[in-house]
*Asks:* 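Just dropping this structure here.
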Amino acid sequence: MEFKHYSVLLNETIENLDIKPDGIYVDGTLGGGGHSLEICKKLGKNGRLIGIDQDQAAINAASERLADYKDNVTIIRSNYSNMKNVLANIGITKVDGIVLDLGVSSYQLDTPERGFTYRVEDAPLDMRMDDRQQLTARDIVNDYSEKELFRIIKDYGEDRFAKNIAKHICAARQEKPIETTGELNEIISAAIPKKIQKTGGHPSKRTYQAIRIELNHELDVLKNNLDDMIDLLNDDGRICIITFHSLEDRIVKSAFKKNENPCTCPREFPVCVCKNKSKGKVISRKPILPSEQELEENSRSRSAKLRVFHKIDN
């Protein structure tokens with residue numbers, strides 16, 4: 001299958017990156033190369049783009065899509081959590097802009113054997129962003145304790161029926177291992193009242209999100225690396241991050257706010273004594289949302305939010 005991915009909030013992201021022709025830019029979630037292609041179009045002969053992705057299918061697709069700009073582009077298979085080391089290995093210590101699009105690509109969702117989608121009944125329970133990883137969604141579903149399953153479905157899926165879903169999964173796997181998306185869908189459906197299913201969207205949506213986040217350590221990777229990515233920026237550099245659910249958005253919003261105003265002094269202090277210095281400013285207080293036109297063209301962009309941080313050295 002051809003690697004397809006609709007680049008959400010594309011124009012808004014490129015505009016807010018404020019691209020310098022001779023700058024160095026990093027696409028930390030390269031995907032099909034949609035954002036990267038638009039960055040490359042604005043680069044001069046001395047500009048550079050470094051694309052990072054852990055999915056080999058994305059690497060292959062982006063390499064082909066960016067072939068016309070091969071003199072400006074370096075593509076590396078890795079997770080963006082390794083960005084600092086990846087850049088150091090190619091002699092880069094500072095960059096002018098970073099893009100992260102944290103959504104699952106259309107290719108990943110639409111390729112049944114990747115196991116990301118609940119809309120195909122006979123797909124294996126995989127959900128790995130990086131197929132070099134050993135642990136799969138099947139392992140989580142069959143090996144995690146009921147308490148652990150409840151925790152991830154509640155915390156990462158924000159599903160109010162998490163306790164019952166975890167209970168049903170553990171009961172079902174005592175009979176036989178849960179192997180396919182169809183088997184898991186049936187179990188989840190049995191755990192959620194039918195009247196809720198009529199109005200609440202697909203019953204498996206939140207549980208699949210939870211398992212995917214747990215398996216790929218998505219929130220930990222984001223939370224643990226935002227400060228380092230801001231530190232990688234040159235003065236006047238920008239980082240643009242597109243999130244797709246509230247858990248991610250809260251992490252980005254909180255990190256940007258802390259880097260804008262890191263002072264830990266009590267409010268009643270007349271002057272700052274903690275000596276923590278601001279690293280820049282948040283570009284928009286409210287997240288940037290998809291236009292009505294984009295929502296019509298791509299329903300998967302409905303939950304997307306873009307936040308931007310502008311680095312200012314003191």
Side-chain angles (χ1 to χ4, degrees), residues 1-108 110-111 129-130 225 228-230 232-242 283 288 290 294 297-298 301 304 306 308-311:
M1 179 186 287
E2 180 186 352
F3 193 105
K4 291 183 179 179
H5 182 54
Y6 185 108
S7 297
V8 174
L9 289 161
L10 179 59
N11 294 332
E12 293 85 349
T13 301
I14 299 303
E15 180 183 340
N16 278 280
L17 262 184
D18 195 21
I19 296 168
K20 303 172 180 66
D22 293 337
I24 300 174
Y25 293 86
V26 181
D27 188 340
T29 49
L30 181 61
H35 288 103
S36 286
L37 179 62
E38 296 307 313
I39 293 171
C40 286
K41 288 177 181 178
K42 291 182 175 293
L43 293 179
K45 65 177 183 178
N46 295 320
R48 288 192 70 181
L49 173 87
I50 294 85
I52 300 171
D53 206 291
Q54 57 190 337
D55 189 330
Q56 187 60 50
I59 295 285
N60 295 342
S63 297
E64 185 175 335
R65 191 170 194 177
L66 302 173
D68 289 345
Y69 300 93
K70 63 181 183 297
D71 292 339
N72 301 86
V73 174
T74 302
I75 295 177
I76 298 167
R77 188 178 185 188
S78 187
N79 187 290
Y80 72 80
S81 63
N82 303 316
M83 188 180 296
K84 188 174 181 180
N85 290 333
V86 163
L87 293 175
N89 288 340
I90 57 174
I92 295 173
T93 56
K94 289 286 185 179
V95 301
D96 297 290
I98 297 171
V99 175
L100 296 181
D101 174 350
L102 300 178
V104 180
S105 72
S106 297
Y107 172 85
Q108 289 166 329
D110 296 337
T111 305
M129 294 287 190
D130 186 340
N225 291 280
D228 281 347
M229 286 189 284
I230 289 173
L232 280 170
L233 293 172
N234 281 318
D235 182 34
D236 204 33
R238 292 189 174 194
I239 179 169
C240 297
I241 303 181
I242 302 167
I283 290 299
I288 299 165
E294 180 165 2
E297 292 175 356
N298 180 27
S301 69
L306 169 65
V308 185
F309 188 84
H310 184 187
K311 179 78 174 293

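Just the heavy atoms: all of them, side chains too, but no hydrogens, waters or symmetry mates, feed the values below.
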*Asks:* Sequence neighbours excluded, which residues qualify as side chain to side chain contact (heavy atoms under 4.5 Å, CB included) partners of Glu12?
*Replies:* Leu9, Ile288, Glu294, Leu306

*Asks:* Checking side chain to side chain contact (heavy atoms under 4.5 Å, CB included) between Leu30 and each of Ile52, Val99, Leu66, which is the one that passes?
*Replies:* Leu66

*Asks:* Among residues at least two apart in sequence or on other chains, which ones pass side-chain hydrogen bond (donor to acceptor under 3.5 Å, both in side chains) with Asp235?
*Replies:*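 If we apply the side-chain hydrogen bond (donor to acceptor under 3.5 Å, both in side chains) test to Asp235, skipping adjacent residues, there are no hits.
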
*Asks:* Is there a side-chain contact (heavy atoms from CB on, under 4.5 Å) between Leu100 and Met229 once you walk through the steps?
*Replies:* CA-CA 11 Å; Leu100 296 181; Met229 286 189 284; 3.6 Å; yes

*Asks:* In chain order, what residues pass the side-chain hydrogen bond (donor to acceptor under 3.5 Å, both in side chains) check against Asp68, with sequence neighbours excluded?
*Replies:*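 By the side-chain hydrogen bond (donor to acceptor under 3.5 Å, both in side chains) rule, Asp68 matches no residue at all.
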
*Asks:* Search all heavy atoms of Ile19 against all heavy atoms of Tyr25 and return the closest pair with its distance.
*Replies:*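 Distance-wise, the nearest heavy atoms are CA-OH, 3.2 Å.
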
*Asks:* Do you know the tightest heavy-atom contact between Val73 and Cys40?
*Replies:* CG2-SG, 3.5 Å

*Asks:* Restricting to side-chain hydrogen bond (donor to acceptor under 3.5 Å, both in side chains), what partner residues turn up for Thr29, sequence neighbours left out?
*Replies:* none

*Asks:* Between the main-chain N or O of Gly31 and the side-chain N or O of Asp53, is there a donor-acceptor pair closer than 3.5 Å?
*Replies:*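 Yes, the answer is positive, given that a donor and an acceptor are paired below the 3.5 Å cut-off.
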
*Asks:* May I ask you to decide if Gly47's main-chain N or O and Asn72's side chain share a donor-acceptor pair within less than 3.5 Å?
*Replies:*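 Indeed, once roles are kept as given, a pair shorter than 3.5 Å links the two residues.
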
*Asks:* Counting N and O atoms only, with roles assigned by atom type, does the side chain of Arg238 sit under 3.5 Å from a partner on the main chain of Asn16, one being a donor and the other an acceptor?
*Replies:*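 Here the side-chain-to-backbone pair exists.
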
*Asks:* Check for a donor-acceptor pair, side chain of Lys84 on one end and backbone N or O of Leu232 on the other, with a separation under 3.5 Å.
*Replies:*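 Looks like no, no N/O pair under 3.5 Å.
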
*Asks:* Quick one: closest heavy-atom pair of Leu17 and Gly97, and the distance?
*Replies:* CD2-CA, 4.1 Å

*Asks:* For the residue pair Ser301 and Pro290, what are the closest heavy atoms and their distance?
*Replies:*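 It is O-CG, 3.2 Å.
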
*Asks:* With sequence neighbours left out, what residues match Asn234 under side chain to side chain contact (heavy atoms under 4.5 Å, CB included)?
*Replies:*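 Partners of Asn234 under the side chain to side chain contact (heavy atoms under 4.5 Å, CB included) test: Lys94, Asp96.
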
*Asks:* Filter on salt bridge (charged side-chain N to carboxylate O under 4.0 Å, His left out), then keep only pairs touching residues 71-83, sequence neighbours left out; what's left?
*Replies:*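 As it turns out, the salt bridge (charged side-chain N to carboxylate O under 4.0 Å, His left out) pairs with a partner in residues 71-83, which skip direct neighbours, are Arg77-Asp130, Arg77-Asp131.
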
*Asks:* If you measure from CG on Asp18 to CD1 on Ile283, what distance do you get to the nearest 0.5 Å?
*Replies:* 8.5 Å

*Asks:* Nearest 0.5 angstrom please: Ile242 CD1 to His35 NE2, how far?
*Replies:* 3.5 Å

*Asks:* If you measure only the distance, is there a donor-acceptor pair under 3.5 Å linking the side chains of Gln56 and Asn60?
*Replies:*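 Yes, side-chain donor-acceptor contact under 3.5 Å.
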
*Asks:* Got a second to check how far Glu38's CD is from Asn11's CG, nearest 0.5 Å?
*Replies:*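 If we round to the nearest 0.5 Å, Glu38:CD and Asn11:CG are 7.5 Å apart.
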
*Asks:* For Asp236, which residues count as a side chain to side chain contact (heavy atoms under 4.5 Å, CB included) partner, sequence neighbours excluded?
*Replies:*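 Side chain to side chain contact (heavy atoms under 4.5 Å, CB included) check on Asp236 returns Lys20, His310.
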
*Asks:* With rounding to the nearest 0.5 angstrom, report the CG to OG distance, Asp101 to Ser36.
*Replies:* 10.5 Å

*Asks:* Under 4.5 Å between any side-chain heavy atoms of Gln108 and Asp55, yes or no?
*Replies:*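 Of all side-chain heavy-atom pairs linking Asp55 with Gln108, at least one is under 4.5 Å.
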
*Asks:* Suppose we screen for ring pair (Phe, Tyr, Trp, His ring centres under 6.0 Å). Which residues come up paired with Phe309, at least two apart in sequence or across chains?
*Replies:* Phe256

*Asks:* Applying side chain to side chain contact (heavy atoms under 4.5 Å, CB included), can you list everything that pairs with Ser63, at least two apart in sequence or on another chain?
*Replies:* Ile59, Ile75

*Asks:* Return the CD1 to CG distance between Ile98 and Leu233, rounded to the nearest 0.5 Å.
*Replies:*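 The distance works out to 4.5 Å.
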
*Asks:* CG of Asn82 to CD1 of Ile76: how many Å apart, nearest 0.5 Å?
*Replies:* 10.5 Å

*Asks:* Decide yes or no on side-chain contact (heavy atoms from CB on, under 4.5 Å) for Thr93 and Leu87, but give the supporting numbers first.
*Replies:* CA-CA 7 Å; Thr93 56; Leu87 293 175; over 6 Å; no

*Asks:* Do you know which two heavy atoms are closest between Gly28 and Tyr80, and how far apart they sit?
*Replies:*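 Minimum heavy-atom contact is O-CB, 3.4 Å.
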
*Asks:* Can you sort out the partners of Lys42 under side-chain hydrogen bond (donor to acceptor under 3.5 Å, both in side chains), two or more places apart, ordered by chain and number?
*Replies:* none

